[in-house]
Amino acid sequence: FFFKQKTAYEIRNCDWSSDVCSSDLDSVVMKGKDVVAPVYIYNYIGIKPGVTYNESKVSRISVRLRELPFLSESRSNEIVFSEKNTKLLLYLEPRKASQFDGVLGVAPDNAGKVVLTGEAHLKLQNALRRGEVIELNWKQLAAKTQDLKVHALYPYLLNTPLGIDGNLSIYKQDTTYIDVIKNLGVQYMFNGTNFIKAFVNDKESSLLSTKALESQTVLPDYADINITSYGLTLHFEKLDYRYNPRKGFVIETSPSTGNRIIKKNGDLNPVIYEGLNLKTTQYHFDFSGDYFIQKDFSSWMVSGGLSGNIFFFHDDGLQGTHIGNFGAAFFQFEKNWKKIRLEAGGRYETFRLDTMTENSRPVGRFGINYSPDKKIFFRSSYGQGFRFPSPAERFVNYSLGDIHIYPNPTLLPEKGWSAEIGVRKKAGNEKLSGYTDWAVFLEGYHNMLEFTFGQWGKPTDPLIGQIGRAHV
C-alpha cells in the first residue's frame, strides 16, 4: 500500500507527467467542526470531488478562505495521494460573524410629547451553515418617521448553483408618505463570488395625507407612483484579495428596464396631472470595471490601476435621458525602511455627462509613519480630494410638502485637501489595554455643495448651491 501526504506548496515541484501528480481529486474532506455545507466550499474555491488537480486553484485556497467572515483555517490545506485515491484536506473552524447592535433614546416631538427614537442593526451570517446572510436595519430618528431595510441571501439552493437574493426597504415619512421598495433576484453562481442574477425591482410611493398639498401644482416625486423594472446583473472578478486588491480585475454590468406609472389621487389638485404622461418607460444601463497591478522594484513596492464606468439612463424623475462615463488612473509607492514607512500616491479622473465634459486636476497624497516600538506610533499625512456631482444632485426635481427641491445642472466638482500630524500611544497589559491619540489637522474645501433653504430669487432657482472656499 502506497501513502504519501504533501501540502499544496510541497507538490509544486512534482513531475506532472507522473500518475501521482496528474491524479484527479477523488474527494474534498473538511476536517474539524461542521462549519458550512460542503456544496458551498466546493463552489466557492472552485474545486469539487472528481475534478482534475489544478495547482493554481489549490494555491489560492487559503487566500479565498480568508475572505469568508464566518470561518478560518486552523492549519494549511493538504493533498493526500495513495494508490487508490487522491484527497484534498481542509482544516476549518468557525469564526464569529453574526452581530447585533442598537441604541434607544427619547426625544420631544413638535407637540412637546416624549417619543421613542433609536436604531438597530442585526446581521446573521452562516447561522444555518449554508453561507447565508440575513440582515436588518431599523431607524426611527424623528417622530412618526421610520426606516426599515431587510436583506437576505441564500446561496446554492437544494445543492444547485442557484441562489435567492432579496431586499425590502420601507420608509415612512411622518404622516406624509410611505415608500416601499421590493427587490427579488435569482442568482446563478460561478466559482467564488462570480454570479449572474436576474431580478425584479418594485418601488411604490403612496401619500398618507394630502394635507398642505391641495394647492400644489407640481406632482411630488412620492405621490402615488409605482415603478417596476426588470434586469440582469453580471459580476465577475479575479483578485488576489478582494477586500484590499493589489492584483487582478473586477467587472460588473447591470441593465434594466421597466414602467413608471402615476396613479391619480382624487384629493389632489387636478392641475397637477395636466400634461403628464401617466405611464412611461424607463431604462438604465451601467458597466463598471477596475484593474489592479503591483510590482516590486528593489525595496519599493509600486501598485496602480485603472477604473472606469459607462452609464446611460432615462428617468422622468431626473429630467429625461442622460449618457455619461467616468475614468480614472491611480498609482501608489510604498517603502519600509527600518522603523519608518513611506507612502505616496496620485490619481487622475475624467467625467462626462451628456454634453458636459470635466477633467479633474491630478490629486495626490503623501504619508510618513514612524514607530520606535510597539506602544507608540507617530504619523503625518497630506492628501487631496476631488468629487464630481452626481446626476441626482444636478437633475433632481420634486417637492416634499411645502419644501420644493429644484435642479442645478451647473454644479461644479468639489475639491479639497487635508493635512494631519498625530501620535498614538498604547498602554496596559494582556488583560486590559487602551490607547490615547493626539492629532492636529487642517482641511480645506472649494466649491463644496451646500443645500439652501428658504425663499429666495425665482421659483426655479436651484436648492443645491456651492460655496467658494472653506476651512476646518
Side-chain angles (χ1 to χ4, degrees), residues 107-117 138-150 167-184 200-230 257-284 313-320 391-393 395-408 451-464:
D109 62 8
N110 296 332
K113 297 181 179 180
V114 177
V115 297
L116 183 68
T117 65
W138 170 83
K139 292 181 181 180
Q140 179 171 303
L141 302 180
K144 300 181 181 179
T145 297
Q146 297 190 57
D147 186 11
L148 174 67
K149 291 182 174 63
V150 180
N167 293 276
L168 173 65
S169 175
I170 302 176
Y171 179 78
K172 178 178 176 290
Q173 177 67 42
D174 48 59
T175 59
T176 306
Y177 71 94
I178 184 171
D179 275 346
V180 180
I181 303 176
K182 296 165 285 186
N183 182 286
L184 180 63
V200 56
N201 189 84
D202 181 81
K203 177 183 178 181
E204 186 171 5
S205 298
S206 304
L207 286 174
L208 299 177
S209 171
T210 58
K211 186 179 180 180
L213 296 177
E214 291 85 353
S215 59
Q216 187 90 8
T217 58
V218 178
L219 183 70
D221 193 52
Y222 53 83
D224 303 316
I225 298 174
N226 181 259
I227 302 174
T228 303
S229 57
Y230 306 87
T257 185
N259 294 320
R260 182 176 189 262
I261 300 175
I262 300 174
K263 302 174 184 178
K264 285 189 175 182
N265 189 317
D267 295 329
L268 295 179
N269 189 342
V271 176
I272 286 181
Y273 301 102
E274 291 182 0
L276 286 181
N277 190 346
L278 300 182
K279 183 177 181 180
T280 57
T281 300
Q282 296 190 337
Y283 50 85
H284 293 75
F313 59 89
H314 177 84
D315 192 324
D316 291 334
L318 296 175
Q319 298 189 13
E393 290 169 334
F395 301 112
V396 67
N397 185 9
Y398 69 94
S399 299
L400 180 60
D402 294 330
I403 300 176
H404 304 277
I405 301 177
Y406 302 103
N408 189 354
F451 288 83
T452 306
F453 294 91
Q455 180 64 44
W456 79 102
K458 300 177 182 179
T460 55
D461 283 349
L463 172 70
I464 305 175

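- A distance of 10.5 Å separates NZ of Lys149 from CG of Leu168, quoted to the nearest 0.5 Å.
- Annotation for Val200 and Tyr230: closest pair CG2-CE2, 3.4 Å, computed over non-hydrogen atoms.
- Asp224 places a side-chain N or O within 3.5 Å of a backbone atom of Leu207 that can act as its donor or acceptor partner.
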Going through the checks in order, is the side-chain contact (heavy atoms from CB on, under 4.5 Å) test met by Asn167 and Ile181?
-> CA-CA 8 Å; Asn167 293 276; Ile181 303 176; over 6 Å; no

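- Ser205 places no side-chain N or O within 3.5 Å of a backbone atom of Asp179 that could act as its donor or acceptor partner.
- Under the 3.5 Å distance criterion, the side-chain polar atoms of Tyr171 are left unmatched by any main-chain donor or acceptor of Thr145.
- Put simply, the side chain of Thr257 gets close to the backbone of Gln282: a donor and an acceptor are under 3.5 Å apart.
- In this structure, Asn277 and Ile262 approach most closely via the heavy-atom pair O-CD1, 4.1 Å.
- In this structure, the side chain to side chain donor-acceptor pair (under 3.5 Å) partners of Gln146, at least two apart in sequence or on a different chain, are Trp138, Gln140.
- The nearest pair of heavy atoms linking His314 to Thr281 is CD2-O, 3.2 Å.
- Between the side chain of Lys172 and the backbone N or O of Lys144, at least one donor-acceptor pair lies under 3.5 Å.
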Going through the checks in order, is the side-chain contact (heavy atoms from CB on, under 4.5 Å) test met by Arg260 and Lys203?
-> CA-CA 9 Å; Arg260 182 176 189 262; Lys203 177 183 178 181; over 6 Å; no

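- Between Ile170 atom CD1 and Glu204 atom CD the span is 11.5 Å, to the nearest 0.5 Å.
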Passes side-chain contact (heavy atoms from CB on, under 4.5 Å), Lys263 versus Ile225? Steps please.
-> CA-CA 6 Å; Lys263 302 174 184 178; Ile225 298 174; over 6 Å; no

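- Minimum interatomic distance between Asp202 and Thr228 (heavy atoms only, all atoms of both residues): OD1-OG1, 2.8 Å.
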